[in-house]
2 protein chains.
Amino acid sequence: MAAELDKIDFQILKILQENGRITNLQLSNEIGLSPAPTLERVRKLENAEYIKSYHALVDEEKLGLGIKTFIQISLDFHQKNTIQTFLDEIKHIKEVTECHHVTGQCDFLLKVYVRDIKSYEQLIMEKISRITVVKTFQTMMIMSTSKKEPIVPLEY
Amino acid sequence: MAAELDKIDFQILKILQENGRITNLQLSNEIGLSPAPTLERVRKLENAEYIKSYHALVDEEKLGLGIKTFIQISLDFHQKNTIQTFLDEIKHIKEVTECHHVTGQCDFLLKVYVRDIKSYEQLIMEKISRITVVKTFQTMMIMSTSKKEPIVPLEY
DNA sequence: ACTGAAATTAGATCGCA
DNA sequence: TGCGATCTAATTTCAGT
């Protein structure tokens, strides 16, 4: 199954990362193949899960999500199953869209979206600070984002 | 132009966030309208830029990007145009996929993808640490990610 | 605004090079 | 593997409600 990817496959991935709704016809023109083998390659990439899924990118601010933050979290490892307990709690908080286990001064880094400061305080008070295994946390409020590509640097 | 969005518009946004390649026909079934007005609503959301773009989500690990990190950066504000100088440098580093201006102990938070540790050292040595306005930086290496949705919590 | 049908275009399959 | 033709299915348009 996992035959290596060639240059054309990487081209396809690059293009689909940037435009997930390009038509197969357009795509085939850009890579210089005819539609049939192009589609076959795309399906192969999907089936082998080099492409995991497709998503619309929405404008969070226009949709009322005015507050975006990262939260750095340190856990209290004196309890049982500290990490699993933490992950189980985080999983259910819909405002948390990313949760990364990291090295450094903190244990986890979360990405959070909420409507306004009031909702943020509520999230902190009623959800984050109530997780028993959380020892300390610190908010990094995002003031602006100058680069945000749902795109990963690919090179053949 | 900016007539308020109704419940159906939010349903559409939610569905397209999770499946950016759903057919208009399927979408119309899920929201309970016929294809014609469904397509009209999607176009309206695209034109008003509630939907900014569509993207394929790829499997970075399978594609050879084994190292993912966040870098916290503090700037030296004794220089001229510190922030603009920094942003101009960062813009050209393709390994940096996100750059957020944040509050807290550091000034900027970057997301970085590279192939391996060797490439990471190279990035740090030859690019990040050579930016004159960078005072200090600290790496948070991502060990695992338990939640990562290219999806924002929407509520009508 | 939504419906339903008609017209256009894209997607999917298959035999052949 | 890739191509070209063919069939199938989705997108798009439009007159009617």
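Below, chains carry the letters A, B, ... as their sequence lines are ordered, and counting in each starts from 1.
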To check you understand the geometry: which heavy-atom pair defines the closest contact between [X] and [Y], and what is its length?
X        : Y        : result
B:Ile51  : B:Leu16  : CD1-CD1, 3.6 Å
A:Ile67  : A:Met141 : CG2-SD, 3.9 Å
B:Pro150 : B:Leu57  : CG-CD2, 4.4 Å
B:Glu95  : A:Pro153 : CA-CG, 4.1 Å

**Asked** Which residues in residues 33-40 of chain A have at least one heavy atom lying under 4.0 Å from any atom of DNA chain C?
**Response** A:Ala36, A:Leu39
**Item:** Interface with DNA chain C, restricted to residues 9-21 of chain A and to heavy atoms under 4.0 Å
**Value:**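 Of all residues in residues 9-21 of chain A, none places a heavy atom under 4.0 Å from DNA chain C.
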For [X] and [N], give me the distance from atom [atom1] to atom [atom2], rounded to whole Å.
X       : N      : atom1 : atom2 : answer
B:Leu25 : D:dT8  : CG    : C1'   : 13 Å
B:Gln26 : D:dA9  : CD    : P     : 14 Å
A:Asp6  : D:dT1  : CG    : P     : 8 Å
A:Lys7  : D:dG2  : NZ    : C1'   : 19 Å
B:Asn24 : C:dA10 : CG    : C1'   : 14 Å
A:Lys44 : C:dG11 : NZ    : P     : 19 Å

**Side chains of B:Tyr54 and A:Ile22 in contact at under 4.5 Å (non-hydrogen atoms)** = no
**Message:** I'd like to check A:Ile128 versus A:Val112 (side-chain heavy atoms, cut-off strictly below 4.5 Å). Are they in contact?
**Reply:**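 Heavy-atom side-chain distance check fails, nothing below 4.5 Å.
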**Message:** Here's a test for you: under salt bridge (Lys or Arg N to Asp or Glu O under 4.0 Å), which of B:Arg43, B:Lys14, B:Lys44 qualifies with B:Asp9?
**Reply:** B:Lys44
**Prompt:** Within the side chain of B:Thr145, is there an N or O that forms a donor-acceptor pair under 3.5 Å with the backbone of A:His100?
**Reply:** no
**Any B:Arg41 side-chain nitrogen or oxygen under 4.0 Å from OP1 or OP2 of C:dA1** = no
**Prompt:** Does A:Arg43 put a side-chain nitrogen or oxygen below 4.0 Å from OP1 or OP2 of C:dG11?
**Reply:**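 So the side-chain polar atoms of A:Arg43 never come under 4.0 Å of the phosphate oxygens OP1 or OP2 of C:dG11.
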**Prompt:** Should the heavy atoms of other residues, nucleotides or ligands under 6.0 Å from CZ of B:Arg115 be counted, would the total exceed 12?
**Reply:**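 Result for CZ/B:Arg115: open.
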**Request:** Report the stems of DNA chain D as range-with-range entries sorted by first number; a stem here is at least three consecutive pairs, Watson-Crick or G-U wobble, both distances under 3.5 Å, and write none if there are none.
**Result:** C:1-10 with D:8-17, C:12-17 with D:1-6
**Request:** Report the distance from atom OH of A:Tyr113 to atom CG of A:Leu63, rounding to the nearest 0.5 Å.
**Result:**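 CG of A:Leu63 is found 11.5 Å from OH of A:Tyr113.
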**Prompt:** Hey, is A:Glu61 close enough to A:Lys68 for a salt bridge, meaning N to O under 4.0 Å?
**Reply:**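 The answer is yes: the pair qualifies as a salt bridge.
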